[in-house]
Amino acid sequence: MAGAGSRTTRAVLHVDLDYFFAQCEERENPSLKGRPVVVCVYSARGGDSGAVSTANYVARGHGVRAGIPIALAKRRLRGVDAAFLPVNRGLYEAVSQRIMAILRRHADRFEQVGIDEAYLDVTRRVDGDFERARELAQRIKAEVSAEEGLTCSVGVGPNKLVAKMAAGSRKPDGLTVVTLEKVPDFLSPLPAGELYGVGAKTEKRLGELGIKTVDDLSKYDAAGLIEVFGKSFGLYLHRASRGIDDTPVQERGMATQISRITTLGEDTRDPDAIMEAVRHLSRAVHAGAAEQNLRFRSVALIAVTDDLKLHTRSKALDGPTDDLEVIAEASEGLLNRFLSEVTGPKVRRVGVRLSGLEKGKGQRKLTEFGKTSH
DNA sequence: GTATGCTTTCGGC
DNA sequence: TTACGGCCGAAAGCATAC
């Protein structure tokens, strides 16, 4: 075999911690086991105002899902011995960090995605052997269970796309191996909407083209897809439907954006009332950036109106800065601009977002570490 | 015509 | 009967630069 550009099929694992927030709560309080557990984000409006963040599988059996209103979840669990708990992010962060450390030591290359998912490229350590990859996945599940008491679902595949979909195909506590040879069998029968990257909108447009399944999609003319969906997404659909994905497993650097959003005490268009919240959010988001020693090049105002539509207005700054005053000034201007441009609805939620992040003064980039001393 | 950067929206959990 | 969070990353859509 010539050189590092090996022709060996990659072996990639996707690890997904099951119903993560709710499972953390079960671990802290074992008496919750067997009962519906609903982890909620309560807004500042009091009562049951807010939405469900995560529910365990018992609660899901009653139709309770992430994103539904808390009041609706309570209705669906009326007369059932359910637990409604507020989110405890600090707990989940701590559990996540310890589990990610376990996963990392089993990977040639590691990529954490969000708080509860990770990709592991294990090609070298299993020598491209999917049976060994399955054994490794089993060992990882056993370690996470023994050390942290949590279950996870693992997918093994020849790339990230297939590994991710394999993990999703059997939950919770699943282990699904899809070898290169089995990729067509695995993907073809799935509804097109289950392909990673295909949401409700794309599924509908595919349906109008007569494409119902991933198999239909894989047989559709590539040029036709590009015509309908554009070069980038059209090509992605064509390749994904065939289980082709060559994106590498690689460590993610720093965050790309930091935002803070809150629900107002009542829906309003009063600039003073909204500005009070915006000032508070500006300080919060500034603190978030300072904590990671990040500067930013863009400030955005986020507004959710009483029709639950999301709006944003953003401003690119002259250069990177870490100045709170810049955030406060920009967000005030953006709020005024939004209120003059969107004149109908009242504002329900408001937020401030920083993007174009980079390391602050005196910080070397993460990628530069380790390159100087040898 | 393509690359790049900025603004806005979308979707997952 | 209605009900409705707080994040994140990715990508679409557009304007401008080369």
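Proteins come first, then strands; the chains are lettered A, B, ... in the order of their sequence lines, and each starts at number 1. Both backbone and side-chain heavy atoms feed into the values below; hydrogens, waters and symmetry mates do not.
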Distance-only side-chain donor-acceptor flag, A:E26 / A:N56, under 3.5 Å: yes
To the nearest angstrom, how far is A:N88 atom CG from C:dG5 atom P? 20 Å
A:I258 near the nucleic acid: base, sugar-phosphate alone, or nothing, with a heavy-atom cut-off under 4.0 Å? sugar-phosphate
Ion pair check, A:K141 and A:D173, cut-off under 4.0 Å: yes
May I have the step-by-step check of side chain to side chain donor-acceptor pair (under 3.5 Å) for A:T268 and A:D270, ending in yes or no? CA-CA 6 Å; A:T268 181; A:D270 175 10; 5.0 Å; no
Between C:dC4, C:dT1, C:dG9, which nucleotide gets closest to the side-chain atoms of A:R75? C:dT1
Provide, to the nearest angstrom, the distance between the CZ atom belonging to A:R349 and the C1' atom belonging to C:dG6. 6 Å
With P as the reference atom in both, quote the distance from B:dC13 to C:dC4 in angstrom, rounded to an integer. 24 Å
Measure from the side-chain heavy atoms of A:R252 and tell me the nearest of C:dG5, C:dC7, C:dG9. C:dG9
So A:Y196 and A:K160, do their side chains get closer than 4.5 Å, heavy atoms only? no
What is the distance, rounded to the nearest whole Å, between atom CE of A:M254 and atom P of C:dC8? 14 Å
Pair A:Y57 and A:Y19, ring centroids less than 6.0 Å apart: yes
In whole Å, what is the span from the CG atom of A:L281 to the P atom of C:dG6? 10 Å
Just how far, in rounded Å, is P of C:dA3 from CG of A:L72? 10 Å
Whole angstroms only, please: what is the CZ-C1' distance between A:R45 and C:dT2? 14 Å
Please compare A:Y236 and A:L308 by the position of their nearest nucleotide in DNA chain C and report the one closer to 5'. A:L308
Between the two ends of the helix from B:dG1-C:dC18 to B:dC13-C:dG6, what is the bend in degrees, rounded to 10 degrees, where each end axis spans five pairs? 20°
A:D267 and A:R45 ion-paired at < 4.0 Å: yes
Counting just side-chain N and O atoms, does A:T263 come under 4.0 Å of either OP1 or OP2 of C:dC4? no
Please report the distance, rounded to the nearest Å, between NZ in A:K160 and C1' in C:dG9. 12 Å
Flag if over 12 foreign heavy atoms under 6.0 Å of CZ, A:R124: no
For A:T256 and C:dA10, is the shortest distance between a side-chain N/O and OP1 or OP2 below 4.0 Å? no
Calculate the interatomic distance between A:L264 atom CG and C:dG6 atom P; express it in whole Å. 10 Å
Salt bridge (charged side-chain N to carboxylate O under 4.0 Å, His left out) pairs touching residues 280-292 of chain A, sequence neighbours excluded, are none
I want to check one thing: is the phosphate of C:dG6, taken as OP1 and OP2, less than 4.0 Å away from some side-chain N or O of A:R89? no
Strictly under 4.0 angstrom, non-hydrogen atoms only: write out the protein contact profile of nucleotides 6-13 of chain B, one letter per nucleotide from the 5' end, B, S or -. SSBBSS-S
Single hit among A:I140, A:V154, A:V156 for side chain to side chain contact (heavy atoms under 4.5 Å, CB included) with A:L120: A:I140
Check A:D306 with A:R348, please: is the shortest side-chain N to carboxylate O separation under 4.0 Å? no
If you look at every strand shown and take non-hydrogen atoms under 4.0 Å, does A:G114 touch a base, only sugar-phosphate, or nothing? nothing
